[in-house]
Amino acid sequence: VILYKTEIHGIPIRLVVLINYEQKYIMTLTRQEQKLVTRHRLINTTIDTITELGIHKTTFVEVSRRVGLSQGIITFHFRNKKNLLTETMKYLEEIYVNSWQKAMELAGSDSRDKMVAIIHSLLEPNVTNFRYISVWVAFWGEPQWRQVYDDIAKETDQELVTAVEELCLQLQKQCGSDSKEKSHFAARGICDFIDAGFIRLLSDPASFDHQSKINWCLSFLDMCFPAQ
């Protein structure tokens, strides 16, 4: 038994017990902390359920059975299936956006370093894993849920494309050209390589290698903008 501190969504959870490698939150949490822990469990169980069964079969009954909580508790937190799935999608989008934005911020002022940081952040296992990508594709591929996907992800997806295009333009200028057409081509290529990595993971998860997919993108970056 190990006592330690952790946090969920930035709010400290004060006393946590690790028993047989499974986290058990002891009941000395504040009411707000308890809500966050429960919400986190429900969302992650929803991710697992969508991954295994798809969106159509992800119901309150199934999530309740898997997580070991009553349907009433799920209703209290999310009211209905649409809200549960929408909040699950928002949760994944937050992970995705925070990952590349934080990586770019920590990379410093150099454009190449920022681009490399973005590529690493989006193809590392904490973002590109079978569970998360399965949910992304499930939302994108279901006509009933495609609008939810667009409402949550379309704007932030464009923010990523814009950031990558701006970095490519800066790198293009460093190579002695200010061609927006070339920088646009390079940016789309990098984003497409990242997307291809997501699909490759779903099609053949057993052989998927994160580092090789990162190397794909870095090789393309070097081809477009040779290091000075």
(message) Do the side chains of K90 and E94 get close enough for a salt bridge, i.e. N-O under 4.0 angstrom?
(response) no
(request) Taking the side chain as every heavy atom from C-beta outward, state whether N98 and K102 have any pair of such atoms under 4.5 Å apart. (result) no
(request) Please check if the side chain of S134 supplies one atom and the backbone of F130 the other of a donor-acceptor pair under 3.5 Å. (result) yes
(message) Going by ring pair (Phe, Tyr, Trp, His ring centres under 6.0 Å), name the residues that satisfy it together with W136, two or more places apart in sequence or in a different chain.
(response) Y96, Y149
(request) Could you grab the distance from atom CG of L84 to atom CZ of F78, nearest 0.5 Å is fine? (result) 5.5 Å
(message) Could you measure the distance from the CZ atom of R65 to the OG1 atom of T49? Nearest 0.5 Å is fine.
(response) 8.0 Å
(request) Would you please test L85 and V148 for side chain to side chain contact (heavy atoms under 4.5 Å, CB included) and show each step? (result) CA-CA 9 Å; L85 296 187; V148 174; over 6 Å; no
(message) Looking at every non-hydrogen atom in both residues, tell me the closest pair between T86 and K82 and how far apart they are.
(response) OG1-O, 2.7 Å
(request) Using the test side chain to side chain contact (heavy atoms under 4.5 Å, CB included), find all partners of S121 that sit at least two apart in sequence or belong to another chain. (result) S99, W100, A103
(message) I'd like to know if R112 pairs up with D222 as an ion pair, taking the criterion as any Lys NZ or Arg NE/NH1/NH2 lying under 4.0 Å from an Asp or Glu carboxylate oxygen.
(response) yes
(request) Flag the pair E87 and R39 as a salt bridge only when some basic side-chain nitrogen lies within less than 4.0 angstrom of an acidic carboxylate oxygen. (result) yes
(message) Looking at D48 and R66, is any side-chain nitrogen of the basic one under 4.0 Å from a carboxylate oxygen of the acidic one?
(response) no
(request) Mind running side chain to side chain contact (heavy atoms under 4.5 Å, CB included) on D192 and R188 for me, showing each step along the way? (result) CA-CA 6 Å; D192 287 347; R188 291 309 314 176; 3.7 Å; yes
(request) Would you please test D110 and K114 for salt bridge (Lys or Arg N to Asp or Glu O under 4.0 Å) and show each step? (result) CA-CA 6 Å; D110 183 79; K114 287 183 177 181; over 6 Å; no
(request) Would you check if I214 and L218 make a side-chain contact, meaning some heavy-atom pair closer than 4.5 Å? (result) yes
(request) Check the pair Q158 / T162 against side chain to side chain donor-acceptor pair (under 3.5 Å), numbers first and verdict last. (result) CA-CA 6 Å; Q158 185 56 48; T162 300; 3.3 Å; yes
(message) Has R41 got a side-chain atom pairing as donor or acceptor with V67's backbone, closer than 3.5 angstrom?
(response) yes
(message) Quick one about S212 and N215 (side-chain donor to acceptor, distance below 3.5 Å, no hydrogens or angles considered), yes or no?
(response) no
(message) Hydrophobic clustering (ILVMFWY, side-chain heavy atoms < 4.5 Å, transitive) - are V161 and V97 grouped together?
(response) no
(request) Flag yes if F198 and W145 sit in one hydrophobic cluster, no otherwise; membership is Ile, Leu, Val, Met, Phe, Trp, Tyr, and two members link when side-chain heavy atoms are under 4.5 Å apart. (result) yes
(message) Please determine whether side chain to side chain contact (heavy atoms under 4.5 Å, CB included) holds for the pair I118 and L160, giving the CA-CA distance in whole Å, both sets of side-chain angles, and the decisive distance to 0.1 Å.
(response) CA-CA 9 Å; I118 289 174; L160 172 62; 4.0 Å; yes
(request) Taking all heavy atoms of I194 and all of L123, pick out the closest pair and write down the distance. (result) O-CD2, 4.1 Å
(message) Quick check: do L202 and F208 have side-chain heavy atoms less than 4.5 Å from each other?
(response) no
(request) Inspect the contact between E124 and K213 and indicate whether a charged nitrogen and a carboxylate oxygen are less than 4.0 angstrom apart. (result) no
(message) Looking at every heavy atom in both I95 and N126, which two are closest together, and how far apart are they?
(response) CG2-O, 4.1 Å
(request) Could you tell me which non-hydrogen atom of L201 sits nearest to which non-hydrogen atom of N129, and how far apart they are? (result) CD2-C, 3.4 Å
(request) Taking atom types as modelled, find out whether E166 and Q170 have a side-chain donor-acceptor pair closer than 3.5 angstrom. (result) yes
(request) May I ask whether I47 and F60 are part of the same hydrophobic cluster, defined by side-chain heavy atoms of I, L, V, M, F, W, Y residues being less than 4.5 angstrom apart, directly or through others? (result) yes
(message) What I'd like to find out is whether the side chain of I50 reaches to under 4.5 Å of the side chain of T46, using heavy atoms alone.
(response) yes
(message) In this structure, would F185 and M115 fall into the same cluster of hydrophobic residues linked by side-chain contacts under 4.5 Å?
(response) yes
(request) Quick one: closest heavy-atom pair of T58 and K81, and the distance? (result) O-CE, 3.0 Å
(message) With side chain to side chain contact (heavy atoms under 4.5 Å, CB included) as the criterion, how do R131 and N44 come out once you've worked through the C-alpha distance, each side chain's angles and the decisive distance to 0.1 Å?
(response) CA-CA 10 Å; R131 293 171 68 243; N44 273 278; 3.3 Å; yes
(request) May I ask you to decide if T128's main-chain N or O and H210's side chain share a donor-acceptor pair within less than 3.5 Å? (result) yes
(request) Any chance you could measure T45, atom OG1, to I74, atom CD1, to the nearest 0.5 Å? (result) 8.5 Å
(request) Could you check if a side-chain atom of E52 sits within less than 4.5 angstrom of a side-chain atom of K57, using non-hydrogen atoms only? (result) no
(request) Find the distance between NZ (K173) and OG (S111) and round it off to the nearest 0.5 Å. (result) 10.0 Å
(message) Around atom CD of Q211, are there more than 12 heavy atoms from other residues, nucleotides or ligands closer than 6.0 Å?
(response) yes
(message) As a quick check of understanding, evaluate side chain to side chain donor-acceptor pair (under 3.5 Å) for D204 and S207, giving each step before the final call.
(response) CA-CA 6 Å; D204 190 9; S207 67; 2.3 Å; yes
(request) Of all the heavy-atom pairs spanning F225 and Q172, show the shortest one and how long it is. (result) CE2-OE1, 3.1 Å
(request) Tell me whether I133 is reachable from W140 by hopping between hydrophobic residues (I, L, V, M, F, W, Y) whose side-chain heavy atoms are closer than 4.5 Å. (result) yes
(request) Quick one: sort the Y132 and Y91 rings into parallel, tilted or perpendicular, breaks at 30° and 60°. (result) perpendicular
(request) Supply the atom-to-atom distance I190 CD1 to C224 SG, rounded to the nearest 0.5 angstrom. (result) 6.0 Å
(message) For the CD1 atom of I119 and the SG atom of C217, what is their distance to the nearest 0.5 Å?
(response) 5.0 Å
